[in-house]
Amino acid sequence: MFAQRTTTPSEARVSGGPARHPGAAAPAPVLERPRPARPVPDRRPRRRWRRGGVGGGAVKSRRSRILGLAWVLPALLVLGVFVYLPLVQNFVFSTQEWDIYSGASVPVGLENYEKLLGDAVFWRALGNNVLYALLSIVFQVAGALVLAAMIESLRSERWRKALRAVYFIPSAISLTVAGLLFYFIYEPNLGLLNHLLDATGLGFLAQPWLGQGSTAMVAIIAMSQWQGFGYSTLLFAVAIQRVPTELYEAAALDGVGPIRRFFNVTVPLVREMTGLMVIITISGAFQVFNEVMVMTSGGPDNSTQVLATWLYRSGFVQNDFGYAAAIATVIFAVTLAVALGQLWYTRRRRVDF
């Protein structure tokens, strides 16, 4: 009888394992980890990178800039020919004594600007423009903002739409038509305003509104505010609609009343529209012309002269075109300074939401 030989573990690994009993279960097969595939080399031709950009991006960006300038160039040409070139020509004309009918001109330097400083009518016209601007800011900016907030606070959408339309209708009327309309309203004998004062027992207030210097300018400004009030209100209503309603709801839940909501929520979040309306209002106040010419033509006794009407009278009535060009330069300088200052202030306090 031969002795049974015992298989060592190393021999079992070489031979595939120890001998298995005929009734024993087969061991689980051992899975080998697959070897990673070798990377296939990229044999495509490589693009040569150009100096100065990544993959030709600089060339593409330069091409985009050229195409953009090509699209903007017509607008720049129009602005240059019809806006900036006339501004330069106007300043050149303001340094000349120019006869508009004969075309003769004599350089006089800054004499026209020195004449402005000693012109009493010019200073009166400038004061009327400043008064016009201040009252316009009170009514067309502050008053329109309050009215727009009141309209947008209504719960009925139907009433909001109706009131917007009612207040906007006067803005659809041209300034010439509105001026003629109020000319007949202010008429001292047959005008609607004096008859209304008599009917309500206030006849002692009836007076020739456009016939005396103390009331003529205020009457013209009142007509202008009536005509432009609805337009400002509509713009502020659009700005208020952009304010998230969650802010108003959160303020209401905190017990904040409508007046505090107006000053703490509405006013800060419509600051950009307020700045834009201030620029539009002041610029319009220094360019006012139609309503004054239709209603008083600058009278009585130059009490309603504004810069634009005095410019027209100096250039086309008195044939002093160089002096009129100097007045136009002053108007441009004032409106430009106001616009730049307001834009700078608004940009610093811009609100994003």
Side-chain angles (χ1 to χ4, degrees), residues 100 112-140 170 173-200 202-229 281-331 334-335:
I100 190 175
N112 289 321
Y113 294 96
E114 295 177 359
K115 183 179 177 181
L116 283 176
L117 298 178
D119 188 357
V121 179
F122 167 78
W123 290 108
R124 188 165 191 174
L126 180 61
N128 288 335
N129 281 109
V130 172
L131 176 63
Y132 200 107
L134 294 177
L135 292 180
S136 297
I137 290 175
V138 171
F139 289 100
Q140 295 192 28
I173 303 174
S174 67
L175 284 173
T176 304
V177 175
L180 290 174
L181 174 63
F182 273 78
Y183 178 82
F184 292 109
I185 291 176
Y186 290 140
E187 207 278 330
N189 299 318
L190 303 176
L192 178 63
L193 180 57
N194 285 345
H195 278 282
L196 182 62
L197 292 175
D198 290 334
T200 55
L202 300 175
F204 62 94
L205 296 177
Q207 51 190 307
W209 299 97
L210 299 177
Q212 55 187 7
S214 59
T215 58
M217 195 64 208
V218 177
I220 295 175
I221 295 176
M223 182 279 300
S224 180
Q225 304 311 307
W226 171 84
Q227 199 270 342
F229 188 73
T281 302
I282 297 179
S283 300
F286 279 90
Q287 298 173 9
V288 60
F289 177 78
N290 289 346
E291 46 267 58
V292 178
M293 288 298 296
V294 169
M295 300 178 71
T296 62
S297 297
D301 193 23
N302 292 323
S303 61
T304 59
Q305 289 285 0
V306 291
L307 292 178
T309 57
W310 189 234
L311 181 155
Y312 171 82
R313 183 173 294 275
S314 299
F316 297 100
V317 177
Q318 300 175 1
N319 194 20
D320 194 352
F321 200 80
Y323 184 66
I327 298 175
T329 303
V330 172
I331 296 174
V334 170
T335 55

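Computed from heavy atoms alone, side chains included, the values below leave out hydrogens, waters and symmetry copies. All of these numbers come straight from a predicted model, not from anything done at the bench.
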Study note, to complete from the structure: Across all chains, not counting sequence neighbours, the side chain to side chain donor-acceptor pair (under 3.5 Å) partners of Gln207 are Gln212

Exercise for review: Report the residues that fulfil side chain to side chain donor-acceptor pair (under 3.5 Å) with Gln225, sequence neighbours left out, ordered by chain and then residue number.
Suggested key: Ser136, Gln140

Check your understanding: Can you tell me how far OG1 of Thr309 sits from CD of Glu291, rounded to the nearest 0.5 angstrom?
Key -> 10.5 Å

Revision key, fill the gap. Here the pair of heavy atoms bringing Pro208 nearest to Pro188 is CA-CB, 3.9 Å

Exercise for review: Enumerate the residue pairs fulfilling salt bridge (Lys or Arg N to Asp or Glu O under 4.0 Å) with a member in residues 299-322, sequence neighbours excluded, ordered by first and then second residue.
Suggested key: Lys115-Asp320

Revision key, fill the gap. The complete set of ring-ring contact (aromatic ring centres under 6.0 Å, His included) pairs with one or both residues in residues 301-323, sequence neighbours excluded, reads Trp98-Phe321, Phe289-Tyr312, Tyr312-Phe316

Donor-acceptor pairs under 3.5 Å, side chain of residues 293-300 to any protein atom, not counting sequence neighbours: which ones?
unit_1 : atom_1 : unit_2 : atom_2 : d
Thr296 : OG1    : Val292 : O      : 3.4
Thr296 : OG1    : Gly298 : N      : 3.4
Thr296 : OG1    : Thr304 : OG1    : 2.8
Ser297 : OG     : Met293 : O      : 3.1

Review point. To the nearest 0.5 Å, what is the distance between CG (Asp198) and CG (Leu193)?
Key: 9.5 Å

Check your understanding: If every non-hydrogen atom of Met217 is compared with every non-hydrogen atom of Val306, which pair is closest and at what distance?
Key -> CE-CG1, 3.9 Å

Point to revise | Validation row: Leu197, Asn194 side chains within 4.5 angstrom (heavy atoms) | key: yes

**Study point:** Partner residues of Val177 under the side-chain contact (heavy atoms from CB on, under 4.5 Å) criterion, sequence neighbours left out
**Key:** Ile173, Ser174

Check your understanding: So do the side chains of Ile221 and Phe139 get within less than 4.5 Å of each other, counting heavy atoms only?
Key -> no

Check your understanding: Do you know which two heavy atoms are closest between Phe286 and Ile331, and how far apart they sit?
Key -> O-CG2, 3.6 Å

Point to revise | Spacing of Leu307 atom CG and Gln287 atom CD [to the nearest 0.5 Å] | key: 10.5 Å

Practice item. Give, for atom OG1 of Thr335 and atom CD1 of Ile282, the distance between the pair rounded to the nearest 0.5 Å. Key: 10.5 Å

Exercise for review: Give, for atom OG1 of Thr329 and atom OH of Tyr113, the distance between the pair rounded to the nearest 0.5 Å.
Suggested key: 3.5 Å

Practice item. For residues Phe182 and Ile220, determine if any side-chain heavy atom of one lies less than 4.5 Å from a side-chain heavy atom of the other. Key: no

Review point. How far does OG of Ser314 sit from CG of Asp119, to the nearest 0.5 angstrom?
Key: 7.0 Å

Check your understanding: So which heavy atom on Leu175 is nearest to which on Gln227, and how close?
Key -> CD2-OE1, 3.5 Å

